[in-house]
Structure formats: C-alpha cells, structure tokens
Amino acid sequence: MEGFPILSAIILAPLIAVVILLFVQERMIALIRTIAVVSTSISLILSFYLLFAYDKALGGYQFIEKIEWVKSLGISYHLGVDGISVAMLVLTSIVIFTGVFVSWVGIKHRIKEHYIFLLLLVAGVFGVFASLDMLFFFLFYELAVIPMYPLIGIWGSANREYATMKLTLYLSLGALFALLGLLSIYFTSGAQTGVYTFDMLAISQLSFDSGYQIKVFLPLLIGFGVLVPLAPFHSWSPIGHAAAPSAVSMLHAGVLMKLGAYGIIRAMWLVPEGAQFWMPWVAGFALINIFYGGMVAMGRKDMKFMIGYSSSSHMGYVLLGLATVNYIGVNGAVLLMFAHGIMTALAFSLIGFVYDQAHTRMMYDFSGLAKKLPFVAVAFAIMAFASSGLPGLANFVAELMVFIGAFKEYPIHAIVAVFGIIVTATYMLRSIRDVFFREPQDKWDHLKDATTFVERLPFVILIIVLMVVGFYPSILVDLINTGVVPLVDKVNASTLG
Amino acid sequence: MEMNLLLAVPEFIVLGTAFIILVMEFFMTGGSRKVSAVIGIIGSVAAAVSLINMPVGRALGGLYIQDQLAIFFKWLFLFVTIIVLYITMVYEHKIERWKGEFYSLVMFGLSGMMFMASSADFISFYVSLELVAVCLYVLAAFNTGNRLSVEAGLKYLVTGALASGFLVYGISFIYGATGSTGFTDIAVALMGGDTSIYLMIGLAITVLGLTFKVSSVPFHVWSPDVYQGSPTPVAAFLASASKAAGFVVIIRIMLSALAGVKGEWVMLVSLISGASLIFGNLAAMPQKDIKRLIGYAGIGSAGYLLMAVAAASELGTGAIMFYMVAYSIGILGSFLAIVIFNNSEGSDLIESYAGLSRRSPLLAISLFIGLLSLAGFPPLGGFIAKFYIFAAAVKEGLWALAVIGVIMAIVSMYYFLLVVKSMYLRPPKNTDPIKVDCVSTVVLYIANIATLALGIYPGPLTDWVMNIAKLFFKSTI
Amino acid sequence: MTITHYLILSLLLFSIGVAGVLLRRNTIIVLMSLELIFNSVNISLAAFSYFLQSLNGTVFVIFNITVAAAEVAIGLAIVVSVYRSRKTVNVEELDEMRY
Amino acid sequence: MNIWALLILPLASAVIITLLTRKNKDLSSYISIGAVVACFAIVAPYILKMFGDPHMHPEEQAFIWLDIPGLMVEIGTLIDPLSIVMLTVVTFVGSLIHIYSRGYMHGEEGFSRFFACLSLFIFAMIGIVISNNFIMTFIFWELVGLASYLLIGYYYQKPSAADAAKKAFIVNRVGDFGFVLGIIVIFYATGTVNFAEVARHIAAGEVSNGTLGLASLLIFCGAVGKSAQFPLHVWLPDAMEGPTPVSALIHAATMVAAGVYMLARTGFLFAAAPAGAMEVIAYTGGITALMAALLAFGQTDIKRIIAYSTLSSLGYMVMAVGVGGTNAGMFYLMTHAFFKALLFLGAGSVIHACHTNDIWEMGKLYPKLKITAVTFILGSLAMMGIFPFSGFWSKDEVLTSAFTSGHTLLFIMGVFTAFLTAVFMTKLLIVTFFGEKRYHGHPHESPSLMTIPLIILSIFAVIAGVVGIPGVEPSFGDFMPSFGEGHGEHHFNYFVAVTSTIAVFIGIFVGWLIYSKKAIDNKQLAANWSGLYAALVNRFYIDHFYDTVLVKGIYNQIARISNYIEVYIIINFIINGSAYLTRQTGKALRLTISGQLQHYALAMVGGVLVIMMMYVIL
Amino acid sequence: MEQIFFYIFAAVAIISALCVVTLRNPVHSAFSLIICLVQVAAIFILLRSPFLAVVQVFIYVGAVMVLFLFAVMVLDMGKETIREHMHSQTIPAVGIVVLLLALIGWLISRGGITAPLGPFDEAALAKNTEVIGKTLFTEYIFPFEVVSLLLLIALIGAVVLVMKERPKSRLQGPQA
C-alpha cells in the first residue's frame, strides 16, 4: 500500500458515503444502512491497517500527505499520524462502526439524514486526529461539532433542544478560543522565521520565548479544556449525553471529548514551556474533575447523567496523566482516552438500548432486569467494571499508569485520584444493583434482550476491544509510547526561567 | 486634466442600462417588468465583463480612481445587484407600481456604489455616497401603500441625513486640518503623523459618520427597522452591497488617506467595533422576525469588519474583502429563500419557519447554509471570513476585541441556530410542500455551493484578495 | 476675525439643528433642522476654504447645497407619502416597527 | 507441564462455559471441575518436588506485559514452596468444592453461570498465588474480587445478596486504595515491582525506613480489605449471601486468605519494616480475632457464625504475620483452609437438608445427617484446636509466635479468642446437631457427591497438622521463605500449648453448660447483659456506623452537596444565569431600538458624544 | 467693521435657527429658516465667496424653501396640528446636545490653522467665481456628474413616492 493516501481514505470514506446517501431515496432503508456500514468498515479496516503498519521502531509522523491549500497563508492539507493519533483513529473507527449498528437498531425515523450527519461528524473526527495543519485541525473539529446540533436536536430525547444548543455553543466557544491561540502561534512563528505556516510539524521545530509560551498556552488550554470538559466548563457534556440518541452519545463521549485532550496534547507539543508552566494548574483542575465529577455522578439517578458525569470524572484522570508530563503518566492518559472511549461507548449504547424500550433511564424505575435481559446485564456489568478500573479491561492499565505517573509529580493529587476509583466503583455497582439486580418487575416484562446479530454486534465488538486491550495493553501502549516519548522529552527539555 | 473615460466604462454601462430601463417605461404596458430586470442583469453582466482586464489609473479629472480594490468591489456590487435584481423579480408582485423605476433605481444605486469604490476625494466620495443614499431612501419607502415601508423610508432618511450631516461636518474638519480633500493629498499631508486638534475632531466625527453606511454603533439604529420594513430585495441590497460600499470607502479613507495617523483612530475604531459586536449580537437574540434578526446581525457583522479595519493591515483589508464576499453570498441566498417563503406563507416570523425542512428541503438547506455561514460555522465561507478577521486582529494584538469577537460569534451561532431549530427540529404546521421555481432553485444551489466552496477551498479567493490588499497598500505609501 | 469665530458659529447652528432633529415632532420641521445642519457645515467649509486659501471647500459647499436640496426633495416626498398612509406627520406615531 | 496451564485452563473453562456451553449444565460443570482438577494435577508434582527438596530454587518465568520507559510490568510466575503450598490449598480444596457444588447447586437456574464464575475465581486465585510481581498480584487481586462479587451476587434477585455483593466489592476497594498506593510507593522506592528485585533493593538497604514503614502499611491495607480485618471486616459476614460452596471456597479457604498469603509473599518488606508498622499489623489481627469471636455470639445464622469464626481465624493469621511468625500464619492458613472449608461445606449440607440457615430451626440433626455431623464435628474440633487435630498445631504455632516475640497482650487475646471460639463452636454443634428437634420437614443426608468431599476434607482437617509438628521433617517452616532472624524451626512451647488447651476445654465446658446442660440460661444471660448482647447482635454497631455515618452521613452528603453545587450553582446560577443575563441584556439593548425615530437620533448623537468623549479622554 | 457685521449676522442666524426649532407653527419655522439661510449667505460674503452666497440664495431660499412651504401647504399644516410640538425626550436631548456643543466647542477653541496655505489669497479670491466655474467642469467633473445624477434621482424619487398613478403615456394606446 505504498503511496496510497491511507489517511485521506479514512477521512473520505464517510464523506463519500455522505455524498452517495444524498442521492439515495429515503425509503431505501436497507441500502442506506448498508452504505453506512460499508463506509465505516472501510475506515475501520484502514485504521487497523495503520495500527499494524505504523513503524514503531521508526516513530515520529508517518503516512504523511501534504497538499498546498491556501498558499498565501501557508495553509496546507497536511495529514500524518504518530502513535497517539493512530490509537485515536482506531478508537474512532471502532466507535463509529459500532455506532452505525446502534443507530440501525435505535433510529426509526429520518434514517437517511441521521446517517448523513453521523458520517459527517465522524469524518470530522478522523480529520482532527490525522491533521498536522493547525487550521485543518480546527476545521475538522468544527465539522465534527456542527452535525451534533441536528443529531441531538432531531433524534434526541428529553430536553434535546436546550441540550443541543448548549452543546453546540460550548464546543464552538472552546474551539474559537483555541483558534485564537493557534492564530497567535501562527503569527509568532511566522514573525520568527519569516515563513507563515499553519504546519504543526514546522512550528514544533521552533522554540518560542517562554513568556510568550506561557501566555499562549492559556487560550489553548481553556479552548480545548472546554471540550475535555475541564471543570467548571463541563456542564454541556452530561446533558448533551443525556439528550443525544445512543450512537451520538457514544461518539460524543467516546470520541469528541477525546478531541479536547488530544488538542491539549498538541498544544503541549507546540508550546512545551507553556505546558510546563500550566500543568500544575491542569492537575489541580483534573482533581476537581475526578472528585467532583465522581461525586455528582454518585448523586444522579438518571443513568445517562451518571455516565456523563463519570465521563468528566474519567477525563480528569486523562488530564492528570497529561499533567504529569512523564512517560508513564502520559502513556496512561492516552491509553485511558482510548479505553474510556470504548467503555463509554459501550455504556451509552447499552443505556440507549434499554431506554429505547423502556422510555426511562431512572435507576429507581428499574429492578431485576438481569433476568429479562441477561446479555445486556452482562455487557453492562463489564462496562461498569471497566469503568471502575477492573484488571483485564482496558481502563485498569491506563488508570494504573496514570496513578503511577501522577504519584511522582503530584503525590497528593495521586492519592485523591486513587480514592476516586472507590467512588467510581460505588456508583457503578450501585447502578448494577438498582437496575439489573433485585426482584424483577412485571412492568418490564415487555423488554427484549439483545438477541439478533445486529443488536449484539456493537456490544460484542466493544467488549472484545476492552478485553483485548485489558489483557494485553502492549498492543496499544507500544504504539502510543512512540508518540509519547518525544512529546514528554520535548516538554521536559524546556526549562522555565 | 485627463478625462480617460475608458476607465469609467463599467459605470457608463450601468448608467446606460438604468436609463434604458427608465426610457422603456414609456413603452411598457401591463403589470410585469421582468424584462427590465433582465435588461438590468444583462447590463450588469456587461459591466462586469468590461471590468475584465480593466487598466488602472485615474480618470474624470483625477477624482476618479480605478484600481484593483475598486475593481474587486465593483465586481462584488455587480454580482450582488444581479442577484438582487433576480430577487426583485421573484418579489415583483409585491411592488404595487413603478416597477420599472424600481429596477432603474437599483441600477442607479449600483452606479453610485461603483462611484464610491472609485472615489479618490472626499467630495466625490460624499456625492457618490449621497447618490446611493438617495436611491436607497426611495427604494426603502418604495411600497408607499405599505405602512412599514414608508415608516422604514422615513426613518432611513432622517437618520441617514443626520449621519450625513455629521460625516460632512467631520470631513470639513479634516479638510481644515490638512487643507485638501483628495485622499492622496491628505495622506501626504498626514505622512508626518503629527496631529492637530482639527484633525482629531474631524477624524472622530468622520469615522462616526461613516458608521451609518455600514450600520455599526452608534449609527446602527436604523438598520433593524429598515431591514424589516423595506421591500425585501432592498433589505438584501442594503445588507450586502451598501455595506460593502461603506467598507470600500472606509478602507480608502482609513487605510490610505488617514493611514498616517493610524495611532489616533485604531482605538476609536476598536471601540466602535466592540460596541457593535456586543450590541448587534446581543440584541439579535430575542428577535422574532427573520429580516429584523438579520438586521441586528448585520450590526454585529459590521463589528467584525471594523475589527479588521482596526487591525489596519494588509491581512485586515484582505479579510474585509473576503468577508464581504462570503457575507453577501450568505445574505443573498438567505434573502432569496426568505422572499420565496414569504411569497408562499406571507410571513417573516421565525416561528412560521417551523418544519420547513419537511416542506421544502431546498429552502431549509439554503437558509441553513446561508445563516450558518453568517454565524461563521466552518466549513462555510463565513467561517473563513471570520477566521481571517480574527487572524488580522490577533496579528495586531487586538486581544480584547478578538475575545469579544469570539464570544459574540457564539452568541450569533445561538440566534441563527434558533432559526435552524425552527426549520429542522420543530414539526411543521401544515405539510404542503413549498414550490420553488427552477431558476430560483438554480440560484439557491449556486449560492449554497459558493458558500461551501468558499469554506472548503478558499485559496483562490484569498490569494486574490491578499494580492489586491498588497497592491493597495503599496500604492498608498 | 479668526476661524474660531466661524467655527463656533457653525457649531452653534449645527447643535441647534441637531436639537431640532431630536426634539420636534413635526417631520417637516425635522427636515428643516436637517437643513440647518447642512448649512452649518457649509459655513465651516467656507470658513476653512477662506482661511486655508484653498478652493476645495468652496466647491464642496456647492455640492453640499445641491445634495441637501436633493435630500429635502426626497424627504418631503416621503413625508407626503407618510401623511397619505397615516394621516399624520407626527414622528412619534411612526413606531410600528420597534425592538 | 507448563505452568501457564494453571492460568489458562480455568480461564478457558470460564470462557467456554460463558460462550458455548451455557445451555448444557452438566457439560459446563464437568468442564469447570475438569479444569480445576487438572490444575491440581499440575500442582501435584511440584508438591512432591517440594517435599523432596524443601529449599528448592524458586522457578520464575515471565513475559513482558507492558513496557514503557520507566515502567516494565511482567506477567510472570514464581514457583517456590510458599506458592506451592498455597497452590495446593487452592487447587485441592477448590477441586473438592467444585465437586461438592455439583451436588449442592443441583437444579439451580444459574448452574452454568455458577461454574463459570468458580472457574474465573480459580483462575484469578492461581494468578495471585503464582504472581511474581506486585502489579500482577494486584491485577489478580482485583479479579478475585470480581469473582467474589459475582458469586456473592449469585442470587441477584435477592436484594440482600445484591447489596452484599456490592458491599464486598466496595469495601475491598477501600483496602485496594492503600494497596495501589503501596505498590506505587514501592515502585518509586526501588524502581521495580518484581518481588525478587524489590527484595534485593530492600536487602541492599536502598530504601529508607520511613518509606518501608509507609509501604508496608499501605500494602497491608490491601490485606485488611481482602482478608477482612478490622475495620474493613464488615463485608465478610454479608458475603454469606452467596451459595455455601462459595463461602467455603472463597470466603473461607482461599480468597480471604489471599491477604495473608500476600503478606507472606511480601514478607521481605515486612521483615525490613520498622517495628511500629508490624505492631499495627499484629494488633489489627489480634483485635479482629477477638472481636470476631465475640460477634459470633450474636448470630443465629449458621453460615454467619462460621463466617465470624473465619474472621477470627484470619485475625489470627494476620496477628501471626504481625508478630513475625509468617510461617505460623501460613501454616494456620493451610489448616484453616481444610477445616473451614469442611465446616462451610458441612453447613451447606445441613442447609441443603433443612432449607434454612437459622440454627435455632435445626437441632437434633445428628441422627438424620450422620456423615455431615461427624465430619462437621471433626472440623469443629480442628477449629477449636484440640490435640491432635490440625488446628491444634497451627494455633499453637501462632500463639507461640506471639508469646515468644514478647507480645504478651496479644497472646492473652489469642488465648481468650481460643476460649470464645470453643464456646461458640460448642454452641453451634449442640444447637445444630443435638438438643431438641426444632427442624421442619424431613431432612435427609446429602448425596454422595457432597459427602465425599466432606469426608476427604475431614481427613485433612485432622491430619494436615502433621507437617507442622515439630520434629517432623521436612517441616512446614522449611517451605517458607526466611527473612531475617530465626525462622524455619518450630519452637514447641509447652506453656503455650497447655494454656491454650485449657482455655479450649474451659470453653467447651462453658458451652456445654449453657447450651446442653442449660445450667446457665442463655436467655437470662442475654437479658442480664442486654447492652452487650445488643452490641453483639448489631455487630458492635460498626456496620451501623459505616452505613449511617460514613455512607449516609458523609459520602452521600458530599454527593448531595456536589449535586446541589452542580445543579443550582454551576448550571442554574453560573451557566444558565449567564445565558439568562446575556438574553436579558439583549432584550434590554433592543429596547433602545424603540421604534421612535427621535430616540434613534438621540442614540446616534449620544453615541457620538460618548465615543468622542472617550476618544478625547483616551 | 467686519466684526460687527459678523456678530450681527451670527446673532440673527442663531436666533432664527432657534426659532426654527422652537416655533409652534411650521410656517413660522419655515420663515425663520429663510432668515437663517439668508444670514448664512451673508456670512459667505464675509468669507469672500459671493458665488456661494448667490447659490445659497438661489437654491435654498429660492428652491428648497419653496418646496418646504409647498409641502406645508399641501399637507395643510398652516397651524400646528400636533399639540405637543416638542418630543418627550427634551431634557436628555438638550443635555446631550449641550454637552456635545461644549465638547466640540472646547476642542475648537484650542485649535487653529496648521495646514499649509493654498494659493487663493484675498486677491485671488476676487476671481473666485471664474475659477470655481472652471474647476467644476475640469477637476470636479466627476462629482459634478454624480450630483446631476443625484438630482435626477431625486426627481424620479419624488415622482415615484408622491404620484399615485402613472400618467397614461401618450405613446400608449388608448386601451391599456
């Protein structure tokens, strides 16, 4: 596959599907679904190909593609991946592939439009992870955000109009703040070298004045922090999850939130000294995320809200890991991004599956569903245990690495973070007990378990991924590490003063 | 004194067309004047063609300047006018009488704008401005049977005249401070950068006077009412071409004539820009009428454009040009959709757009793309435009403005999304499809594709506008 | 006589004109006040022209007078059509569009 | 035979049952039983090898699981006598309990699920035992927790079972909180997590005393959770909601002992740790032992009584480790595994017969359930520590360690615990098997599938002490890794032996007096000591304290307050508030566009004035 | 001498301007405006621009004011029909105007001519009219043409806005 623009192909597969879908009649449901499945499976296969084709020994950015786009401004369509991005691409392709199947089951009206928006969204996400150009990075990001508006607004559940508006506005606000920071870097680097370019590879070679780096990191941090979501800018996220249809929640929590963390990683890469200066702050806020998010999750009765807040809690671990700026912590953070993406996708697909039948997500409305829905119960339990960091599932390794990494830099933070796993276990197990355990109720007799292939496939895929990574994390960590080491070295090499 | 009439051929073509339309009235019978519109369009196209490879230089005694900047904006005006004429054709049945004169006034207004773009002197600028203004006063009040139209016309006239008074008062002081009215002479006089009290007065009042044309604070007050009340094609004309005309003279005055005293006015323009951003966007939020909403949003847009002016750089100038193009396309597409919708439903209220996506996907998607482009969502043209403006602001270190701009961009997304919400998320009251005739369909498609293309592949246009900006700056210094 | 005298006179007339626009309810008088404004500007232009010993100002005045006349013509026409449609020229009653 | 098969077989069994043979109950159970028996078969040669060469060289195999700069984690096996002993216990007792379960669980709805979970448990438990590093230990440590959770929650439709499962997991998590931190501390102190490597670094004196103390206490936290030591003991009695074989295997013989095993495994750490840390461990064990023995009196549920006795025994083991008698602790662990599994299985057999857990609804079962009763009595005697049953030797060793190391108070506590144990075990025997008949229906002896394991276990309960009898070679102590001073030898202390034996006999006598002879009216006793009795029934209010003060009082309140902050302050006040404020500002601003032309003009002129003033001032 | 004239003209102009703004009857206002405009013409003469003065009188007094009076008559506003002739925002309006006046006045009083002087001194201004006439058709041909267009449009606009029906064109057939 030498010379084949594999990254572009990953991004374009869903886009081409969108174009094809535009010309397909709305009533040809089977065809529409097939197109969606085919396009996402192309992306899936290609991203898995990347996973194995990426030369770990070589490291750095590979599969680079570059086309001049706006010459006068130094913007180019510049793609390339390092270990971190490959992991994220794989995550995205898995989540969207399963998401297509979840929508297959869950979405009953305006199917064509739904898939169009869904595929647009995912093309944007792929683009973000593959971009090496700051402007394209941003453009793809927004491309991922816009479809959220109709996706939640049309196919969402309660309170969807409020939620989708809030979400869109927040995400855009964050993005624009980040854009200001990126622009500033663009001009500063241009002034320094005389060549104005948005090329991150080129910019990462430069070193800026440390005072400037400190200043410019802040808008980037806030901008991407909103997406993470960094407390106290997190409130868009749980309600967004809650209102969104399953597949969208999956993508939202599984992938979109990772964009923020990924953005922060990129910011660390561009302005290492700024990162070094602000990282203690990030760690502090991460702690708030972890503890506060966990506590709020514990007080929630609505399952989606619970998972939503738990996501913000978990993203706190990611941030804490990044804030450590050591190999172990950052590796852990990136792996956790992956693991949490899969786990939370599983969570939302399951909750959506139950909600679509029961029309409630309140834990107190349920009991004893394990009898009626054994498959769902098992899957949910796996999700819950993954979330609470049980070994054998991907999250454990990642969280452990974050703890180890964090303990070195911020021991107190690490202690609180470790305490967080108790909190997580509490609400996760409580939800299992409330929903799946205890006496079955007659009123839920009509619920059906996931029995067909299409219904089960997404759950099975996600669980398998969780387990495979959990059992043998090196499959990803070796890859991620190739991206993490240069990053950490770069940040640590810079000395403030 | 060279006359060099060749340079002004496009204007003559436009004026000629206007006169032809006027004269044709003597021979026309019946209600419809679509022929006049078509003639206007043909004339505009001819003028646009005549601009190709137009030599640059001064003409008509030296107060007329033809340069790349002028040519660019003239093309923009011509393009806008063509669409406005088309919108007027769709709208025509709402005009009770004097339809031919309507078209000819549009053409006259167009010629005025082209003159504005080519003005090299305060006198010619002022006179051209008034030419445009008078045409627009008449056009705004054109539907004398309609109470709102007349009210809009009167409000526009009184505020416009007041603003002109301020403007010309300010110009008199600039004249007093520099002893000349030609932009080049003023620039030469101010090269040293030293300022006098008269210049200060003149500068401040002139800048404020100029804000009327672009509807920014403090002379923004007319725009919501006029957008709402005047005939829709006129509102479209006001929102796009008239605003662009305002900015071309602002570019000429601020960035060439007054470039020497940049330090004096950057703060002033920043203030105006910030205030416009805040006022326009916040006040747009509670609006119920879509034309009014766009009127308020236009105030916000003026704020963005002024931000680029405040940046006072090549990049900022290029940004203004790009923004005007993207913005005009968005506005025109939206207004065409609004007119078609109004023809069918008789309402401009946002809530009446409920479920439009089910009734006419094309109208809905056109409004969706048009409005979101105005809001600055990527990958639409409006985003690249805003991006340029932020870039210009950040480059010059206008951080406070940039942050206000970002926050207000979010606010603008909010209110435009309210329209989108109504169209896409709300159920329709009735499900009858809204018919869109085939020419309109084509026009809407063109607008949508253009907006998308500007967002996805802005390269050629940016290269072009940056080149113009570069040339412009080179010529002024 | 210094230029300041003329400028102050011009400013006074300008202010009176503005006040008229702000205060009078009769649209026709509002238009008259606008004429006052243009006239005051003419004074200042002419004064500058005189004291600067340049002719541009004088020319400007000529154009300005013409422009003002044209505006008044249109203004009065609009006032007439306003009167026709509403039977009033009271500015305060023209507030069907607001907020 | 490859050692990895020990892990692979049970895991494969769990996976196969879950995915393939769930529908076929018999096949599922055979697979599961086959796996565990095969494991035992793998272990058996090692046992022989160990007896042949007590000081055998540890076998270590490993492959890299995770390797990033600065952190290398292996999945590895460490086979030395210590792990062989534990493997023996796990696979042997496990095999018996698997077989027993096939009878006991007969006809249950989730039969296959049960066996899948059992296999999962065996997998995890073996993982802990053969692990060669801290992180792998922790991994399997958590996995046994998972298996325990699943098995306690086996009857998930019962709210009490659901709650108990959750409680067990979370309480364990509290202990793990310390465990994880401990591992991290050790990792940073030594740069590795491999046991041997860590031991080497510690032996080289590279780790400061303070760090060692901290690390050992943190690691101990893990053991406190898993081995249900005070104050985290609360989950174990509730865990009896699970099926009885589970209680026998997990919550008596193996998993709860894993804490002790882990302490033994990381003995190098504790041996090097400052004395204060060891004191904490020892007293924790002592207090647990004594407290649990007391609490057993408050219970009427046969399984809970045994559960408290388990707690007490675990306390013993931990105490032994704490006073430096690691081998004593391990010895006790081994014997305990036999007799406690026996007791639980016996109890299961009784429950199987009577369909109740309440001992006051049994009585005079001896004639009906002869095999069960006899084996149960043997187990009880072992448990009480009557000469020459296995329990005697092991308990004696524990007490000797305490006594000889100078922990007189702990010794007294231990003896008193032995006395109490004797009393309630006597009570249990009398009330269950003798006295008047209180049962309903027609209890009959369990099928041979259940009784044979009982018999085999009872044999071991009786004779397992033989390896620990002083003078017998190879002695149990030889198997144990030795750290620091004086180990490997059994000091038989006649004073200790006599004291404890006397205490036990007094205990039996007292029990007999109260429950059989009725010389002392137990009701009267309860009335006279109503405060104490209430405290016993309510488990010293510890659960109550956790539930109302910690969980409802603090934990839930924090959650409530956080939610309050989230909903009212952040969302409603700050977020929606600012949105509202923006909207209202917009509404206010648009009021300036009043429709009044002259307001417009005024606004224009006012704007000019304001901006000019600002301009002039600036 | 000149000063006295200036003050007289200025005083009359200001008073008449005030009358325009304050008088109740539109006809009175219109006449006051005429007085004011004549004063301005006089000021032009003081500024040595007789041409401007003439234009002022011709266009303003002769044309514009007639237009005003005509409108007043057409709309039958011989007497003020609006009871409250002043707008309700009197106080803020006057306040703002006075402040603006003070601000700009203060600035003007501090300023002075700094720009280089042109060639048209007193002597040259004697031929003012001639020079203006020439430049209007040479240098200022562009604005001049535009202004002519402007007047044309004003004409069309006035017709369009005021005339109710299009007059039957002579060129059109009898039955339209």
Side-chain angles (χ1 to χ4, degrees), chain C residues 1-9 11-13 15-20 22-26 28-29 31-33 35-36 39 42-43 46-47 49-56 58-59 61-63 65-74 76-81 83 88-92, chain E residues 2-3 6 10 13-14 17-18 20-21 26 29-30 33 36-37 40 43-44 47-49 52 55-56 59 63-64 67-68 71-72 74-75 82 84-87 90 93-94 97 100-101 104-105 108-109 113 115 117-121 131-132 135-136 140 143 147 150-151 154 157-158 161-162:
Chain C
M1 294 307 306
T2 64
I3 185 157
T4 309
H5 288 84
Y6 289 96
L7 290 181
I8 294 290
L9 171 64
L11 177 64
L12 280 167
L13 287 178
S15 306
I16 293 169
V18 170
L22 298 186
L23 294 174
R24 292 304 298 258
R25 288 179 163 175
N26 189 323
I28 293 184
I29 297 182
L31 291 178
M32 291 181 189
S33 304
E35 288 308 303
L36 271 180
N39 267 282
N42 286 347
I43 292 177
S49 182
Y50 173 68
F51 284 98
L52 287 170
Q53 301 183 1
S54 103
L55 270 187
N56 299 14
T58 314
V59 176
V61 172
I62 297 168
F63 286 117
I65 289 173
T66 324
V67 165
E71 286 209 356
V72 163
I74 296 297
L76 287 170
I78 291 178
V79 170
V80 169
S81 49
Y83 185 78
T88 178
V89 288
N90 184 349
V91 187
E92 256 182 303
Chain E
E2 201 182 311
Q3 251 173 335
F6 172 79
I14 289 166
L18 283 172
V20 173
V21 176
S29 290
L33 184 57
C36 182
L37 297 179
V40 174
I43 298 276
F44 286 153
L47 291 169
R48 310 295 185 276
S49 285
L52 281 188
V55 172
Q56 172 85 355
I59 294 185
V64 173
L67 210 57
F68 268 114
V72 170
V74 165
L75 301 182
I82 303 163
E84 291 284 327
H85 71 296
M86 289 296 183
H87 198 272
T90 311
V94 171
V97 169
L100 192 65
L101 176 74
I104 300 177
I108 288 173
S109 68
I113 293 285
L117 299 183
F120 297 94
D121 56 3
V131 177
I132 289 175
T135 50
L136 269 183
Y140 292 99
V147 155
L150 182 61
L151 288 172
L161 291 173
V162 178

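On a predicted model such as this, the values are computed, not experimentally measured, just so you know. Each chain gets a letter, A, B and so on, in the order its sequence line appears, and its residues count up from 1.
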Any side-chain heavy-atom pair of [X] and [Y] under 4.5 Å:
X        : Y        : value
C:Glu35  : E:Val20  : no
E:Leu136 : E:Pro143 : no
E:Ser29  : C:Arg24  : yes

Looking only at heavy atoms, what is the nearest atom pair of [X] and [Y], with distance?
X        : Y       : value
C:Gly17  : C:Leu36 : CA-CB, 4.0 Å
C:Ala46  : C:Val61 : N-CG2, 3.9 Å
E:Ile113 : C:Phe51 : CD1-CB, 4.2 Å
E:Ala10  : C:Leu9  : CB-CD1, 3.6 Å
E:Ala158 : C:Ala77 : CA-CB, 3.8 Å

Only pairs of heavy atoms separated by less than 4.5 Å count here; which of C:Leu7, C:Leu76, C:Thr2 has the most with chain E?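 Result: the option with the highest number of such pairs is C:Leu76.
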
Specify which of C:Val72, C:Leu55, C:Ile74 makes the most heavy-atom pairs with chain E at under 4.5 Å.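 Top count of heavy-atom pairs under 4.5 Å with chain E: C:Leu55.
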
Let me know if [X] has heavy atoms under 4.5 Å from chain C in its side chain, its backbone, both or neither.
X        : result
E:Ser49  : side chain
E:Leu100 : neither
E:Ala63  : neither
E:Ile59  : side chain
E:Leu33  : side chain
E:Phe44  : side chain

Under 4.5 Å from any heavy atom of chain E, what part of [X] do you find: side chain, backbone, both or neither?
X       : answer
C:Ile78 : both
C:Ile43 : both
C:Val67 : both
C:Ile3  : side chain
C:Ile62 : both

Picking from [options], which has the most non-hydrogen pairs under 4.5 angstrom with chain C?
options                              : result
E:Val64, E:Val97, E:Ile43, E:Leu101  : E:Leu101
E:Leu47, E:Leu117, E:Leu161          : E:Leu47
E:Val94, E:Thr135, E:Leu18, E:Val131 : E:Leu18

Donor-acceptor check, side chain of C:Thr4 to backbone of E:Ser109, threshold 3.5 angstrom: yes or no?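 Checked: no pair found.
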
Ring centroid separation for E:Phe6 and C:Tyr6, is it under 6.0 angstrom?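 Yes: the rings meet the under 6.0 Å criterion.
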
